[in-house]
Amino acid sequence: ISLGLVGSEMCIRDRVGAPRGLLDAKPEWAARDRRGQVVEDGGLRWLNGLHPEVQAFLGELVLEIVEHYGVDGVQGDDHMSIPRAGSHDAITLARYRQATGHTPAARDDDPRWSRFRSEELSRWVHETGERVHRVRPDLLWCLSPCPLPTGLTQLMQDSTGWLNNGSVDLLLPQLYRNSVAAYRQVLEGNLRPLARERRRQVVAGLTLRANGQDLEEATLLEMVRLSRKAGLGGVALFHHTPLMEGNLHIARALLERGLA
């Protein structure tokens, strides 16, 4: 589910069948900043991931896939997140005051305010996984977050907690880097807080093309080797097009070296 909580890219159909933007149809679902404006992050307008109706909508979307299609798993992309500037709507603020006895501090990176939102997102992740497994115990519930620390500090994604607490079956962190040194650093940083026995449930996300530039073959192969040496469950390559170009040379290189 690539779009996750990005409302500006999602459409629904009204009664006459015409597509409408989700935020046009449900403006009350929008993530709001301190000024009451719709949160825009990364050029996208966001849904409020802490709104009960938004959580229910996404949960039902996941269950529809599980119940009606013969899939092996469901993966939520990095957009299953809450931008740091968001959540300043009346419903979320009331829940925060009820839970903590406080109003949000003047800064969006206030630890108590950030922890509350992260914990609420984690609760939805855990409960959705439980619902999925009640329908299909064998199905994989996976999320692909931004790497630490950005995922936690900017997007409220406690990916370490998700895996250590058993809320997800697989974690596919987007460790997109264009050099071996940078990849080694982000890999080590994201594995450090994880329980070692959980490493087999981590599948490293590698990008084949970043900022219009293809990853060199030797660099990709070394990244895959580092991932295996770290004891990960595998790697996931983003995305399909570079893999299939050039007479499949990347795919062939992985096969020939026993890395696929």
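One is the number of the first residue; the rest follow in order along the sequence. Remember, predicted model here, so these are calculated numbers, not experimental data.
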For this session: Flag the pair W141 / Q75 as yes when at least one side-chain heavy-atom distance between them is below 4.5 Å, and no otherwise.
Result: no

Exercise. Going through the checks in order, is the salt bridge (charged side-chain N to carboxylate O under 4.0 Å, His left out) test met by R131 and E60?
Worked result: CA-CA 10 Å; R131 294 177 69 189; E60 291 303 316; 2.6 Å; yes

Exercise. Heavy atoms, side chains only, cut-off 4.5 Å: are R117 and L50 in contact?
Worked result: yes

Seminar exercise, completed: N190 and V186 have their tightest heavy-atom pair at ND2-O, 2.8 Å

Exercise. Is the centre of the W113 ring less than 6.0 Å from the centre of the H88 ring?
Worked result: yes

Exercise. Salt bridge (charged side-chain N to carboxylate O under 4.0 Å, His left out) with R35: which residues, sequence neighbours excluded?
Worked result: D33

Exercise. Is it true that R32 and D89 have a side-chain N and a carboxylate O under 4.0 angstrom from each other?
Worked result: no

Seminar exercise, completed: Closest non-hydrogen atoms of S227 and Y183, given as atom of the first, atom of the second and distance, are OG-OH, 2.6 Å

Exercise. Would Q201 and R198 count as having a side-chain donor-acceptor pair, cut-off 3.5 Å?
Worked result: yes

For this session: Please determine, by modelled atom types, if H133 and D169 share a side-chain donor-acceptor pair under 3.5 angstrom.
Result: yes

For this session: Answer yes when R123 and E127 have at least one side-chain N-carboxylate O distance shorter than 4.0 Å, and no when they do not.
Result: yes

Exercise. Hey, are K229 and E222 close enough for a salt bridge, meaning a charged N less than 4.0 Å from a carboxylate O?
Worked result: no

For this session: Kindly state whether the ring of W46 and the ring of H79 have centres lying under 6.0 angstrom apart.
Result: yes

Exercise. Is any side-chain heavy atom of R84 less than 4.5 Å from a side-chain heavy atom of T153?
Worked result: no

Problem set entry | With R199 via salt bridge (charged side-chain N to carboxylate O under 4.0 Å, His left out) - residues at least two apart | none

Exercise. Are side-chain N/O atoms of Q174 and D77 paired as donor and acceptor at under 3.5 Å?
Worked result: yes

Exercise. For T219 and N178, does a side-chain donor sit closer than 3.5 Å to a side-chain acceptor?
Worked result: no

For this session: Kindly assign one of parallel, tilted or perpendicular to the pair W29 and H51, based on the angle between their ring planes and the thresholds 30° and 60°.
Result: tilted

For this session: Indicate yes or no: at least one non-hydrogen side-chain atom of L148 is less than 4.5 angstrom from one of R192.
Result: no

Seminar exercise, completed: Closest heavy-atom pair, Y69 versus E64, reported as atoms and distance to 0.1 Å, is CD1-O, 3.8 Å

Exercise. Do V62 and F57 have side-chain heavy atoms sitting under 4.5 Å apart?
Worked result: no

